[in-house]
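Some notes on the structure that comes next.
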Amino acid sequence: MKKIITIILSLSLFISVISVTAPEVTAAASGESSVDTPEDTGINSYPDLSDAEVSNLVHTAMEKYKSHGAICYVIESDDGWSFYGYDRKNDVGVIHPGMPYYPYSWRDIGAEYKLNDWFDFKNRLYYESYFGNNDNIRYNFAVVEKTDVKIDRASYFGDIIDTGEKAFPVADSYTYLGKAWEASLDNKQIMCYRIGVPEDDRTLYQREVNYLPREIYIGIEDGEIYRIDEEWYTAEAKMTTIRMYKTHFTYPDSLKVPKKVADKAVLDTFADVIRDGVAYYSPSLKHSKNKKLWASGLDRNDENEVIKKANIRSSISINNNKYKVEAISAVAFYDERNLKKVTIADGITQIQREAFESCRSLQKIRLADTITKIGRSCFKKCTSLKKINLSKALRSIGKEAFKKCTSLKEIIIEKNIKKIGKNTFSECPELSVITVKNKKMKNYLSSQKGRSFTGLDKKVTIKMN
C-alpha cells in the first residue's frame, strides 16, 4: 500500500502536556530512523499521559488542523516522495514530484527553484518546471478554462479540500502507548507520542469505511505540534498503511506562485489561450520567448456546437504581457461548416494552408491589410463566398487557394503580388473577372499559362492594370 501523508503548514499550537512515540513506530511513521535519547535532554521529565489527556490532545490538534490556511500532504511511492499543497484562501496549489527523502521543511521542497508545478486556479494559470539545456530549470505556463479549473482542482487537491472543509471525524477513545525521540532531517530531536486507536472503532474514518484506524503519532518541537501521523489497516487485507496530518513551523501558512517562477515562465507551446471562441497558441519555444502567437479554431468535443463568426485579434494580453498574433495556423478552421463571417485584424501577416478550406457557409471575410501570404487551399471549397478584398500587402497566393469557390464572382489582386500558385481559381463557375494590378506580373503569368489560371471558365476576363 502507499504511505499517504497529509501535512499541515505552519501550525502554532502550544501543548502543555507532551508525550512521545516509541522509536520503532516513529521509523515506520516518518520513514526516518529514530535516535537514542541523549542523557542531557531529560526525556523522562516529560510526563506520561492518561488516556483522557491523550484524547484531549488529539481532539485539539484535529480542530487546529481544520482551521489551518494552507494544507499539504506527501505521498510515498516506489519513486520517492511527492508533495501536494493547497491554499484555500488564495486558491493556489503546488505539486512537487518524487523526492529521494521525506521533506521535513518547506526549504526541502525548494519552493523557489526546484521542480514544482504550480496551479493558480484563481487566475487560471498553471506553471510547470522542467530541466532545459545545461540542466537549467525552466518554467512554462498555460492558461486554462473555467471548466478545466474545476475539474483539476478536484482531481489534484480534492482530498485536501475535503479534509479542510468538512468536520474532521474523531474516534470515541484513544490509548496512550508511549514516547520517544525522533531525528528530523536537519538532525533536530523531536519528541513524539504514540497513541492507540481501538481497531474496531470506525468513527475516525466515517468517509473511508474500508480502513480501520490503528495508531496516531504526535510530534512536539519547542512546545508546538510538529506533526500528526496516523497508521491504519485496510479492512480486507489487514495491510498497514499510514496517513500523516503533518504540521511544521517551517512550512508556510499560505501558498502563492513565487515571483521568480511567474517572471521567468514562458507560454507553453501549443497550449491554447481562448478569446472570443478563437484559440491562440505558441508554435515553438522561440515564439513563446518572443511573445508571438498563431490563431486557430477550437478543438471541440461536441460536433453539434455551432461557430458562426470568428474575430481574430492581432494581439492579446496574457498574464499582464502583450502577445502579438502573426499568423492563422494551417487547417485552423477547416470544415467549420456553420462559419459565416470572419474578421482578421490588421497586424496578422500570414494565413497558412487550408486555414478555411471547406467552410461552406462562409460569406464574408475581412482580411487584414497586413496579410502578405495566403497558403495553398486556404479558401478551397468555400462555396458561399462571393467576394473577397485581398490585402494590398499580399505577395503570394498558394496553389488552389480559391479552387471550387463556386459563388466567387470577381477578385482583385493588388500590385505587390509576386506569386500566384497553380489552379488558384480553378472550378469557379461564377468568376468572370480577375484583375491583377501589377503589370510586371504579365510575363510571369504568361509563363505560367496553364498553371496559375488552370481550370478557368472560358468567359473569365483577366485584366492587367
Side-chain angles (χ1 to χ4, degrees), residues 124-125 138-145 263-299 307 309-336 339 341-357 359 362 364-380 382 385 388-402 413-421 424:
R124 296 181 12 228
L125 296 171
R138 295 181 175 177
Y139 304 97
N140 286 339
F141 77 91
V143 182
V144 294
E145 293 300 289
D263 289 347
K264 287 191 172 183
V266 298
L267 184 65
D268 192 10
T269 53
F270 297 101
D272 289 344
V273 181
I274 312 300
R275 297 286 190 275
D276 302 326
V278 177
Y280 300 89
Y281 70 94
S282 171
S284 71
L285 179 59
K286 183 178 179 180
H287 281 78
S288 293
K289 289 181 176 179
N290 293 329
K291 294 182 172 56
K292 293 183 178 180
L293 305 176
W294 287 7
S296 183
L298 300 178
D299 292 330
I307 298 177
K309 65 179 181 178
N311 295 316
I312 303 172
R313 305 183 186 186
S314 59
S315 67
I316 61 173
S317 179
I318 306 173
N319 199 16
N320 297 320
N321 289 300
K322 187 177 181 179
Y323 286 74
K324 181 181 178 181
V325 182
E326 64 177 12
I328 299 172
S329 69
V331 299
F333 297 89
Y334 183 90
D335 201 27
E336 286 287 355
L339 184 62
K341 182 179 180 181
V342 173
T343 301
I344 303 174
D346 291 342
I348 296 173
T349 59
Q350 297 183 31
I351 307 176
Q352 303 288 348
R353 61 176 178 82
E354 305 164 32
F356 297 95
E357 182 176 346
C359 291
L362 183 59
K364 295 181 180 180
I365 181 165
R366 190 272 183 191
L367 292 183
D369 289 335
T370 50
I371 295 292
T372 61
K373 176 184 175 181
I374 294 176
R376 64 177 173 84
S377 303
C378 187
F379 297 99
K380 185 178 180 179
C382 290
L385 187 63
I388 183 170
N389 294 323
L390 299 180
S391 165
K392 292 181 179 181
L394 187 62
R395 299 172 62 86
S396 173
I397 302 175
K399 66 179 183 180
E400 300 185 357
F402 295 92
I413 303 172
E414 299 292 341
K415 62 181 180 180
N416 285 314
I417 193 69
K418 302 294 182 184
K419 181 181 178 181
I420 301 175
T424 301

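Because the structure is predicted, anything quoted here is derived from the model rather than measured.
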Between Tyr281, Tyr280, Trp294, which is the residue that forms a ring pair (Phe, Tyr, Trp, His ring centres under 6.0 Å) with Phe270?
->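 Going through the options one by one, the only one that passes is Tyr281.
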
Heavy-atom pair of closest approach, residues [X] and [Y]:
X: Gly297; Y: Ala279; answer: O-CB, 3.6 Å
X: Gly347; Y: Ala368; answer: N-CB, 4.4 Å
X: Ser314; Y: Ala345; answer: N-CB, 3.7 Å

Approximate separation, where rounding is to 0.5 Å, of [X] [atom1] and [Y] [atom2]:
X: Lys292; Y: Ser282; atom1: NZ; atom2: OG; value: 11.0 Å
X: Lys289; Y: Arg138; atom1: NZ; atom2: CZ; value: 4.5 Å
X: Leu385; Y: Ile365; atom1: CG; atom2: CD1; value: 7.0 Å
X: Ser329; Y: Gln352; atom1: OG; atom2: CD; value: 7.5 Å
X: Glu336; Y: Leu362; atom1: CD; atom2: CG; value: 11.0 Å
X: Ile328; Y: Cys378; atom1: CD1; atom2: SG; value: 7.5 Å

side-chain hydrogen bond (donor to acceptor under 3.5 Å, both in side chains) contacts touching residues 366-377 (sequence neighbours left out) =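 Those involving residues 366-377 are Asp346-Arg366, Glu354-Arg376.
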
Just by distance, do the side chain of [X] and the backbone of [Y] share a donor-acceptor pair under 3.5 Å?
X: Arg124; Y: Val144; result: yes
X: Arg275; Y: Ser317; result: yes
X: Thr424; Y: Lys399; result: no

A side-chain contact here means heavy atoms from C-beta on lying under 4.5 Å apart; do [X] and [Y] qualify?
X: Arg353; Y: Val331; result: yes
X: Leu267; Y: Val273; result: yes
X: Ile371; Y: Ile348; result: yes
X: Phe333; Y: Ile307; result: no
X: Leu339; Y: Phe356; result: yes
X: Leu125; Y: Val143; result: yes
X: Asn290; Y: Glu326; result: no
X: Ile312; Y: Val342; result: yes

Dump the intermediate steps for side chain to side chain contact (heavy atoms under 4.5 Å, CB included) on Val278 and Asn311, then the final yes or no.
-> CA-CA 7 Å; Val278 177; Asn311 295 316; 6.0 Å; no

Do you know which of Val325, Asn321, Asn319 makes side-chain contact (heavy atoms from CB on, under 4.5 Å) with Tyr323?
->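 One option only clears the test, and that one is Asn321.
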
For Asn320, does the CG atom sit with more than 12 other heavy atoms under 6.0 Å from it, leaving out its own atoms?
->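 Result for CG/Asn320: open.
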
Apply side chain to side chain contact (heavy atoms under 4.5 Å, CB included) to Leu390 and Ile374, showing your working.
-> CA-CA 10 Å; Leu390 299 180; Ile374 294 176; 3.9 Å; yes

